[in-house]
Amino acid sequence: MNRVLLPKNLPELWSFLENEPEARVYAGGTDLLVQMRARCADNLVLICLERIAELTGIREDEDGFWIGACTTFRHLLNHPRIREQIPVLAKALSTLGSPPIRNMATIGGNICTASPAGDTLPPLYVLDADLILSTQSGERVVPLSGFITAPGKTQLERGEVLTQIRIKKPEGYRVQHFEKVGQRKALACAIASMAALVKTSPAGVIESARIAWGSVGPTVVVSPDAEAALTGKTLSPAVLEAAADLAGKAMAPIDDIRATAVYRRRVAANLLLRIGT
Amino acid sequence: MKSFIPEIGCSIPRADGEAKVSGEEKYATDHYGDGLLWAGVRRAGIPHGRIRGLDAGQAKNLPGVIAILTGRDVPGTNRQGIVHKDQPVLCTDKIRHCGDPVALVLAEDRTVLAQALALITVDIEPLPGIFSIDDALRPDAPLVHEEHSGSNVLLAATVDKGNAEEAFSECDVILEETFTVPSVAHAFLETENGIAWQEPDGKIVLVVSTQAPFRDRFEISHALGIPMDRLRIIGPYLGGGFGGKDGATVQCLLVLAAIHAGGRRVKMWWSREESMAAGFKRHAVRMEYRLGAGSDGTLHALKCRLYYDTGAYAHLGGEVMALGMEHASGPYRIPHTLIEGWCVYTNNPVAGAMRGFGVAQVSFAFEGMMDRLAEKLRMDPLDLRMKNALQRGDKNGAGVTMTHSTGIVSCLEAVGSHPLWKGKEQWMAEAPPFKKRGVGVAAVFNAMGYGRGLPDSAIAKVELTAEGKIRVYCGVSDMGQGNATAFFQIAGGVLGQENDAIELVQPDTARTLPSGSASAGRTTYTYGNALIQAAEELRRRIIGRAALMILADTVDELELLPGRVKHLKSGREIPLNILASVMPPEDRICISQFIMPVARDGLETGKAFFIGFPHLLFSYAAHLAAVEMDELTGTLEVKAYLAATDAGRVLNPQSYEQQVHGAIAQGIGYALCEEIKLEEGRILTPDLATFIIPGAMDIPDMMSISVETCETSGPYGMKGAGEVGINGPLPAIAGALAQACGIRVKTAPLTAERILEAMVEQQTACERKPS
Ligand SMILES: Cc1cc2nc3c(=O)[nH]c(=O)nc-3n(C[C@H](O)[C@H](O)[C@H](O)COP(=O)(O)OP(=O)(O)OC[C@H]3O[C@@H](n4cnc5c(N)ncnc54)[C@H](O)[C@@H]3O)c2cc1C
């Protein structure tokens, strides 16, 4: 039998964590419970974060959003300002899992699971998201780009909890694109995914491009070379193809049951061509 | 709900709908009970080997473990199998696939059960394994079954007519291609399960999710040495079957467990992973085709070699292959055919029955050949099919004369005149950037019934109850396909009673009568025919007995109306409950048997088949798939789908459409994504996160047209509608893909990866070609 603790606020969470240092925290449980079933895990202490009011909700300020780590995807998708201001994230969320999963699963869970296929990660990378990691004694801010160190591995320290995600509004990025390739349209783990933010001048010259790929490396893959190759050019097929070639070089995909590395690399690079349409 | 008389031809609500939606209807999984025990199986986990020893000592000592049984505790022959008895209930010496059972555990609850299963250690000496058709056929191949005729060939057979070898020299065009299709799982919602117990008098009751309760009784009796009259099998509605519950799954294990449970109820319920590992699968098949035709597209000669991987045990492997061979030449007139088949044992999971039984596989090949021929001859693919389509009086590829309804031409005409076909050029031209569009067609068919060698029989029983209601004792399972609703309509229609006065009893060997399996598109056909006879007899009886009470000198003036018999001349009425009260029980029950007609041609071919060859009756369909392929990803999306089906007259348009839609959706899964991936006999796709079935978003709007022929031998002119629809999507979609981008994929499923790879190959080939 597993024991589940249900703190109602942060002070209660800290005291539970102090008394049960071995406890695992979870939010929606859509990753943790699946892993526990596979491992027949028993006699664990679990701390459920979903009732902690401080950890859910979306707050908008002048230059961005503060998102509680335990905010569900449904909640995020229902938020008109998120859909309007950061469609690159909303598009990713709408392909994630299925309606029941989106009702349960949280953005913090997706980040902390640190799966190479986590669908929020490429958009959060191109958005330069920051994470607020908290303990009883204080908090620190780390950029998402350094947070995930390997599949399933993060910089979270013992007793530390992800509390907030900070996203700045991508001002001027008219192209906000996300695409995922899976084995079916919904309930599909990404074989490859790509998030892109592109800012162009009135004349159509690319001023800045931020691109990140999922499922083609141990963590999210970015390609400064590809981004540089786009900057100063227009979104023409030839330019995109040249950048896609460079991007392919940055990827280190694996073969698994869903796809081969060859396909992953090929398709991930190809996805870049779509932003020209 | 308002009362109504369930009549033939109407979309009455499903007879089981309300009870299922409210949760009142109990599936096998819903049966529990006081003092329930749980049973589970320790599986080998090794594809081929010899058991050296088994240590259950630690598991036995676990508190809450009731019994641990091995092959030595099996009282009978310890062999199950529908045609070939080659599958042990519990293995004693040899392991033939990873899912083979080596020990059966009974425990107080599921937690103890899982712990005990994990504590059992089995010492298996691994043997070199057979993991592919070619491995199996090597002359020096190790044998999966040493006792089987010195080879891994379960069955080798030939179906031929004319002289194919010579006829190829008379052909203007000859095309060759090899196709492969993988093994797939049924993925029914309700995994294999049941509950069993021993009554104080020693009899054993088994409630089980099964498509064949009467055959189960026979199998259990044989394997465990229990007389049939000591066994009672109850088969409630199933949460899906698709062929995967046609044959013993939990049956023998549960009855064995019940014998050791001291009268307590024992439940076994496979997890999804166990269902994948131990449940039956669709056969993986390799199909080598050679097709010859005249320059005008007239088919002349076909030669093919089919290789079916039946896995570790025969199950229905030979019969699945027989049906595949019988359909290998498509619904076409081909004067010369030579179809050879080999069904081989391997150390892969056990393959068996699945919707489209051997036919879904060959449909990919024969329709693939038709598309290639149309391309070669620059003919319209629909015209080519129409030109060669079977008509009544023709002989099919196996040499059987089509003496019954044969509606394939009408199906093709319905597709040809549909806007999706007529407007296809424009639709294809309007493809968005990076997309290519194509429209494909497929002509398919599917035999009904068991075929020669085995009576396709059903025995209907219908009762006027003491309360004056009608009770139908269904001897054949309803796995969701809706046959129970059809029986409801037949009883309602013949006896003119209202819905709440009609009750259905689901299969129960103690109450209903043997009516065969829910399979082979036969369920409504065979039982329905028997039920019409029984219900008509009951109607005559009710009126005849009412005549006695009313003192009518002729039955002509009497009419059976809802709840009563009325003497039309005098207006006098006798309520059915009053009538029933004066009829002795045996007088209130009518029983009637029906046996499906069989093919009468004296064939000199297919002699290797014990049973299941050839067939007389076929349902037909022409399918159209409109697809969009993404050039950047290779992803194939089905945008629209049309099926024109000849399954005779339609008894219930709603049930019919559901069968057509369900078959298309399952067929789209077979076409696009479903595949059991194996590595040395181990399943790499053990769950529904890796074995990919389509979701609602992958299935387009589906249109169903019924091309109603009248099958005069069928109840109200119907034929089976359940299977034929699954044969169309793979070939239609493959054809549409080729239309879209010129790529002809020979290996199913048509995954994005395969398509993109083929596109890259196509491009490199183009670049290399000197201009
Ligand atoms: C059927 C199904 C389909 C899915 N489809 C997708 C998909 O398409 N795309 C995709 O990206 N994912 C998918 N997932 C995975 C999963 O739903 C997501 O990763 C989800 O975001 C996890 O969130 P959660 O709140 O449920 O995480 P949990 O399971 O609650 O937690 C996951 C991990 O994060 C840790 N954790 C959670 N919250 C915190 C926190 N605030 N601070 C510190 N650690 C924390 C937990 O300890 C645990 O290790 C799917 C899962 C299922 C079951």
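A note on names: the letters A, B, ... follow the listed sequences, proteins ahead of strands, and every chain is numbered from 1.
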Q: Mind listing the closest non-hydrogen atom pair of A186(A) and R184(A) along with its distance?
A: O-CG, 3.0 Å

(Q) Which heavy atom of V88(A) sits nearest to which heavy atom of F178(A), and what is that distance? (A) O-CB, 3.7 Å

Q | Contact winner vs chain B - K185(A), E179(A), R258(A), heavy-atom pairs under 4.5 Å | A | K185(A)

**Q.** For chain B, the option from T260(A), L187(A), V181(A) that forms the most heavy-atom pairs under 4.5 Å
**A.** T260(A)

Q: Could you tell me which of I693(B), L688(B), T751(B) has the largest number of non-hydrogen atom pairs under 4.5 Å with chain A?
A: I693(B)

**Q.** Options E757(B), E753(B), M697(B), ranked by heavy-atom pairs under 4.5 Å with chain A, top entry
**A.** E753(B)

Q) What part of T633(B) is in contact with chain A, defined as an atom under 4.5 angstrom from a non-hydrogen atom: side chain, backbone, both or neither? A) both

Q.
Between D630(B) and chain A, with a heavy-atom cut-off of 4.5 Å, which part of the residue counts as in contact: side chain, backbone, both or neither?
A. side chain

Q. Hey, is R37(A) close enough to E273(B) for a salt bridge, meaning N to O under 4.0 Å?
A. yes

Would you give me the side-chain donor-acceptor pairs under 3.5 Å for residues 663-681 of chain B, sequence neighbours excluded?
from, atom 1, to, atom 2, distance (Å)
Q666(B), OE1, R355(B), NH1, 2.8
K677(B), NZ, I257(A), O, 2.7

(Q) Just by distance, no angles: are the side chains of Q58(B) and N61(B) close enough, under 3.5 Å, to form a donor-acceptor pair? (A) no

Taking distance alone, no hydrogens or angles, what donor-acceptor pairs closer than 3.5 Å link side-chain atoms of residues 237-255 of chain A to residues at least two apart or in another chain?
from, atom 1, to, atom 2, distance (Å)
D255(A), OD1, A261(A), N, 2.6

Q.
Taking side chain as everything from C-beta outward and backbone as N, CA, C, O, which of these in R274(A) sits under 4.5 Å from a heavy atom of chain B? Side chain, backbone, both or neither.
A. both

